[in-house]
Amino acid sequence: MSDPLADAVAAVDAAQDQARAELEELVRIPSISADPDRRGDVQASAEATAALLEAHGLESVRLAGVEGSHPYVIGEWMHAGPDAPTVLLYAHHDVQPPGIVENWDSDPFEPAERGGRLYGRGSADDKAGGVAHAHAVSAWLTTHGALPCNVRVLIEGEEEIGSPTLQTFLESHIDELRSDVLVLADAGNWKVGVPGLTYSLRGLAAADVELRALDGPVHSGMAGGAIPDPVMGLARLLASLVDDRGDLAIEGLWADVRPPTDAERVAIDGLDDDPDAFGRAMGVRPGAQMVGDPGATLHERLWFRPSLTVIGIDAHPIKGSSNQIIARAAARLSLRLAPGQEPDRVIEQLRAHVEHHAPWGLELRFRALEGAPAWQTDPSGPAFDAARRALRAGFGAEPVLMGVGGSIPFVGPFADAFGGIPALLLGPADPHSRIHGENESLHLGDWHKLMASEVHLLSELSDRPSPR
Ligand SMILES: [Zn+2]
């Protein structure tokens with residue numbers, strides 16, 4: 001007797017070469033959503049993605065959008081019956097700019113395989129996600145003529161610019177997208193061979209701070225010692241933002257940072273925790289120490305505690321500098337927020353801190369930039385159990401429940417639009433994928449395991465009675 005699940009997994013395995021050819025075709029389209037000159041390519045990428053979904057048996061496939069958006073691609077297969085749950089499969093077809101093209105070992109938009117990895121912009125982030133969804137669907141349809149559950153697919157075209165219209169799009173297309181479970185294939189694996197399920201993302205807040213001392217630059221010999229230097233003032237102000245070990249020292253900020261729950265702590269304590277190895281992997285120079293509370297584990301510091309980075313400074317460049325006190329200096333501050341912290345409140349705490357600590361009465365200008373709250377989901381319940389079983393079956397390894405220190409703007413709008421439905425955040429990247437960097441790559445073996453996992457996942461989720 002044939003086993004439908006085994007047949008579908010065999011079908012996804014048999015289609016590996018086809019999947020790779022389809023992915024390569026998509027990677028050749030430079031669908032850079034941040035570049036206005038590439039609008040045509042984002043459109044071409046949406047059309048190629050739509051053709052892919054249609055070829056894999058999805059129905060009602062079309063490009064969609066709202067005022068000013070890049071094209072979304074949607075499709076569905078809704079014949080599993082009204083009692084079967086509906087799963088929404090998400091990925092995005094736009095990509096980051098290539099960065100410095102000379103730093104790539106091969107053309108960013110001409111896919112190339114080296115050492116079992118496929119190099120190219122968008123290979124891992126996130127064109128592989130969309131192709132994986134298509135193959136999970138067709139593996140069932142070609143072997144069994146039906147899917148174990150209803151499926152909707154949404155492939156976004158502007159994730160890399162912060163999903164500016166996603167909230168509006170979801171609200172205006174809610175009837176076509178209504179689902180019981182979200183499967184978001186834009187995250188990644190714990191490491192090669194070990195799948196990940198992401199349940200926690202830090203938030204983001206940012207601001208520009210400028211200190212002005214003078215109408216214009218003055219001679220440092222004539223004025224130094226009496227006239228304040230705004231660059232030194234800025235350095236003192238920035239230094240006041242952290243304590244000696246590099247933890248944030250902004251008044252009131254820690255009151256909103258909640259410590260990890262017992263369950264989170266158990267999950268974190270189960271992970272390899274080697275700050276030195278992490279430092280080496282990140283290229284930390286010999287002798288440079290790690291920062292943050294040494295009483296907190298590495299992953300607690302990266303996922304559950306706030307941090308601040310000075311991502312830009314304006315002063316006079318060394319080249320062309322002369323003996324002057326310049327008029328003003330500025331810094332752009334980027335904060336990663338822990339679960340529990342609200343971006344607006346953090347910005348007000350930061351504003352109060354810099355107003356209090358700006359030295360010597362220098363003129364202060366403070367400008368808040370866009371922020372996003374942290375996101376977390378409780379990684380328990382039937383959908384998470386299903387995902388863990390599916391990933392275990394696909395990879396032959398136990399999945400790791402992961403936090404991510406970064407922020408993914410699209411998860412907030414999903415949480416808002418669909419209320420409390422489970423969000424399973426997985427994906428094709430791994431720590432070597434260098435997403436957003438030069439030489440982005442996809443591990444082909446793990447990508448195939450992800451597809452097999454998705455085949456299992458559709459079956460696993462069908463066992464769950466629909467909550468509607
Ligand atoms: Zn992505």
Side-chain angles (χ1 to χ4, degrees), residues 23 26-27 29-35 38 41-42 45-46 48-49 52-53 69-74 88-99 108-109 111 117-134 153-167 169-170 182-190 195-204 336 370 372 374-375 377 402-415 423-443 446-447 450-451 454:
L23 176 59
L26 292 177
V27 171
I29 306 172
S31 49
I32 305 163
S33 49
D35 184 349
R38 294 292 190 183
D41 291 304
V42 180
S45 158
T49 302
L52 173 84
L53 296 184
S69 72
H70 286 291
Y72 295 80
V73 187
I74 56 181
L88 178 67
L89 304 174
Y90 168 93
H92 63 88
H93 67 87
D94 65 319
V95 299
Q96 284 279 324
F109 297 106
R117 305 187 69 97
L118 189 71
Y119 287 79
R121 175 57 87 224
S123 57
D125 183 18
D126 177 35
K127 287 173 170 172
V131 177
H133 290 329
V153 180
L154 170 62
I155 314 289
E156 190 189 356
E158 51 187 24
E159 195 278 335
E160 300 294 4
I161 52 172
S163 302
T165 69
L166 183 59
Q167 181 94 48
F169 179 81
L170 294 175
L182 300 169
V183 177
L184 309 164
D186 188 29
N189 296 316
W190 175 245
L197 203 47
T198 298
Y199 71 98
S200 179
L201 303 166
R202 283 197 292 191
L204 193 61
R336 297 292 174 172
E370 260 182 68
W375 174 83
T377 188
M402 292 170 55
V404 170
S407 315
I408 306 182
F410 68 75
V411 292
F414 275 106
L424 306 172
L425 189 48
L426 38 79
D430 66 67
H432 299 289
S433 288
R434 294 190 178 205
I435 62 167
H436 298 198
E438 289 134 6
N439 290 317
E440 175 181 347
S441 69
L442 169 76
H443 189 283
D446 275 5
W447 184 45
L450 177 70
M451 284 186 227
E454 285 202 28

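All residue numbers in this chain count up from 1 along the given sequence. Ligands are counted one by one from 1 in listed order, and the atoms in each one are counted from 1 as well.
No other N/O/S atom of Asp125 lies as close to the Zn ion (ligand 1) as OD1 does.
The residue from His432, Arg434, Arg117 that alone fulfils the side chain to side chain donor-acceptor pair (under 3.5 Å) condition with Ser441 is Arg117. Partner of Ser163 under the side chain to side chain donor-acceptor pair (under 3.5 Å) criterion, out of Glu156, Glu158, His92: Glu156 alone.
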Derivation and outcome, side-chain contact (heavy atoms from CB on, under 4.5 Å), residues Gln96 and Ile435
CA-CA 9 Å; Gln96 284 279 324; Ile435 62 167; over 6 Å; no

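Using cut-offs of 30° and 60° on the angle between ring planes, the pair Phe414 and Tyr90 is perpendicular.
Within the 2.8 Å limit, Asp126 places no N, O or S atom next to the Zn ion (ligand 1).
Taking the Zn ion (ligand 1) as the apex, the angle formed with NE2 of His92 and OD1 of Asp186 is 90°, to the nearest 10 degrees.
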